[in-house]
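All remarks here apply to the structure that follows.
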Amino acid sequence: MSNSASQESWPKVVLTGAQMLFVAFGALVLVPLLTGLDPSVALFTAGIGTLVFHGVTKQSVPVFLASSFAFIAPIQGSVASFGVSATLGGLMAAGLVYVVISQAVRLKGTAWLHRLLPPVVVGPVIMVIGLALAPVAVSMATGETSDNIGYGQAIFLSMASLLVTLVLAVFGRGILRLVPIMGGIATGYILALIMGGVDFTAVREAAWLSVPSFTAPSFHWAAILFMIPVAIAPAVEHIGDMVAIGSVTRKNYLEKPGLHRTLLGDGLATTVAALFGGPPNTTYSEVTGAVTLTKAFNPKYMIVAAIIAIVLAFVGKLGALLQTIPGPVMGGIMTLLFGSIAVIGMNTLVRAGQSLTAARNLVVVSLILVFGIGGMQFGGGQFTLQGVSLAALVGIALNWILPTEKEGE
């Protein structure tokens with residue numbers, strides 16, 4: 001690696017790095033825009049998080065870390081209940097869950113993790129993460145969240161953005177296939193401009209260079225307990241991501257640098273992000289897609305992408321411009337994104353190849369789905385369990401308690 005890397009010209013390294021950031025950009029800023037966090041801070045924390053990850057893994061895995069979709073619903077719920085600062089405290093704790101898991105993996109290997117979290121638990125939990133959000137996506141797409149855009153305009157904008165995203169994702173070739181979110185947002189934005197649905201006052205008032213509005217976390221038990229179980233699904237997904245990027249570069253990252261290192265890097269990246277007021281970090285599969293296409297296996301590109309992200313975070317007008325993207329444009333794309341998270345969960349179940357109608361599996365999957373999507377809650381006040389966290393705990397408990405069925409029953 002070092003040999004070929006040292007021969008590469010700097011312009012090529014910088015351009016490839018910039019391209020990696022471009023692929024991640026749409027999704028990276030989508031999470032803060034949906035959850036009320038600051039997109040400039042998210043750019044900064046994606047950059048810092050990626051550098052932290054590469055520090056821990058000694059620059060051996062070509063991945064870029066940025067805003068995790070798994071946390072959108074929990075962040076929205078937590079901000080509504082506890083406020084932004086307490087939510088960030090909860091997210092810091094979620095990052096530390098990864099750190100704990102990483103140390104357990106270092107000492108015990110991964111067998112216990114698969115026993116605790118088999119596909120029959122992880123699959124439906126990932127589905128809940130996507131589907132619990134469906135109403136949010138629809139209300140944004142129909143203009144309920146926008147003051148200045150009516151239903152007719154909103155539906156037109158959201159469906160146009162969605163259509164372009166679909167076409168690029170399905171029919172796009174080369175780099176176009178990797179930036180369907182960017183394409184959809186750009187199309188919706190241009191249409192909104194033509195219709196006069198974009199207000200540029202904030203951009204005109206913003207300075208060219210400004211420090212992102214960092215937010216410090218504060219710690220409240222309720223917010224922490226609300227967030228901790230959410231970390232379980234992305235931690236399991238992380239293993240899948242490492243296998244995926246490994247199959248692209250033909251290396252086994254679970255052995256070198258080791259799953260405990262990559263998990264630790266991911267967890268510390270999330271904790272550091274929350275420290276500054278950014279969303280949790282996760283390895284980006286869009287970027288893995290870009291690595292597959294461009295054969296850019298050198299981790300150096302990701303470090304360049306991270307540095308560019310940090311620099312862009314201080315461009316005040318960029319942050320203000322991102323905030324002007326109309327809600328319905330985001331809503332249209334979210335309908336696809338949240339659905340695709342649910343499909344990843346389904347795929348987890350399908351690949352496991354177990355009979356879902358077997359009584360035990362039926363009970364586990366059904367209760368996870370209905371409790372998670374239906375909004376079931378236990379407890380009240382400070383200690384309310386609901387949504388993904390309740391679904392995950394119920395799934396883990398049932399899987400643990402119910403006897404495993406014998407073949408042929």
Side-chain angles (χ1 to χ4, degrees), residues 23-24 26-35 66-77 119 121-145 154-172 176-185 187-188 230 233-234 236-237 240-241 244 279 282 284-286 288-289 325-352 356 365-366 368-375 387-388 391-392 395:
V23 170
L28 192 172
V29 297
L30 191 65
V31 176
L33 290 172
L34 297 180
T35 51
S67 325
S68 162
F69 283 162
F71 284 89
I72 296 176
I75 294 174
Q76 284 175 332
V121 173
V122 176
V125 167
I126 296 175
M127 288 169 73
V128 166
I129 288 173
L131 295 176
L133 276 172
V136 178
V138 172
S139 74
M140 281 180 77
T142 52
E144 283 175 32
T145 56
I155 278 291
F156 174 70
L157 283 177
S158 58
M159 291 305 116
S161 311
L162 176 60
L163 188 66
V164 171
T165 307
L166 291 180
V167 168
L168 287 179
V170 178
F171 301 107
L176 279 179
R177 186 166 199 166
L178 299 172
V179 287
I181 294 178
M182 293 278 275
I185 291 178
T187 309
V230 182
V236 173
E237 207 183 345
D241 286 342
T282 186
Y284 257 27
S285 29
E286 293 95 323
T288 301
I325 301 172
V329 173
M330 293 298 197
I333 289 162
M334 280 162 67
T335 53
L336 177 64
L337 282 183
F338 296 162
S340 61
I341 294 175
V343 173
I344 292 171
M346 277 190 205
N347 194 32
T348 307
L349 277 175
V350 171
R351 278 209 318 256
L356 292 181
V365 176
S366 312
I368 291 177
L369 289 176
V370 176
F371 279 17
I373 297 167
V388 183

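The residues of the chain are indexed from 1 along the displayed sequence. Only this structure's heavy atoms are used, side chains among them; waters, hydrogens and symmetry mates stay out.
- In this structure, the separation between CG on L336 and OG on S161 is 11.5 Å, given to the nearest 0.5 Å.
- Annotation for V31 and P279: closest pair CG1-CB, 3.9 Å, computed over non-hydrogen atoms.
- Atom OG of S366 is separated from atom CZ of F371 by 10.5 Å, given to the nearest 0.5 angstrom.
- Taking each heavy atom of Q76 and L34 in turn, the nearest pair found is NE2-O, 2.9 Å.
- A side chain to side chain contact (heavy atoms under 4.5 Å, CB included) with I185 is found for exactly one of V29, V164, T165, I325, namely I325.
- Between L157 and P328, the shortest heavy-atom distance links the atoms CB-CB, 4.3 Å.
- Within the 4.5 Å cutoff, no side-chain heavy atoms of M159 are placed close to those of L163.
- Looking only at side-chain heavy atoms (C-beta outward), L349 and P124 come within less than 4.5 Å of each other.
- In this structure, OG1 on T348 lies 9.5 Å from CE on M127, to the nearest 0.5 angstrom.
- Taking all atoms of both residues into account, the shortest heavy-atom contact from L162 to G332 is CD1-O, 3.3 Å.
- The shortest heavy-atom contact between G372 and A132 is O-CB, 4.2 Å.
- Taking OG from S139 and CE from M334, the interatomic distance works out to 7.5 Å, rounded to the nearest 0.5 Å.
- Among all heavy-atom pairs drawn from L28 and A66, the shortest one is CG-CB, 3.7 Å.
- For the atom pair CZ (F171) and CG (L166), the distance works out to 9.5 Å, reported to the nearest 0.5 Å.
- In this structure, the side chain of S158 engages the main chain of A141 through a donor-acceptor pair within 3.5 Å.
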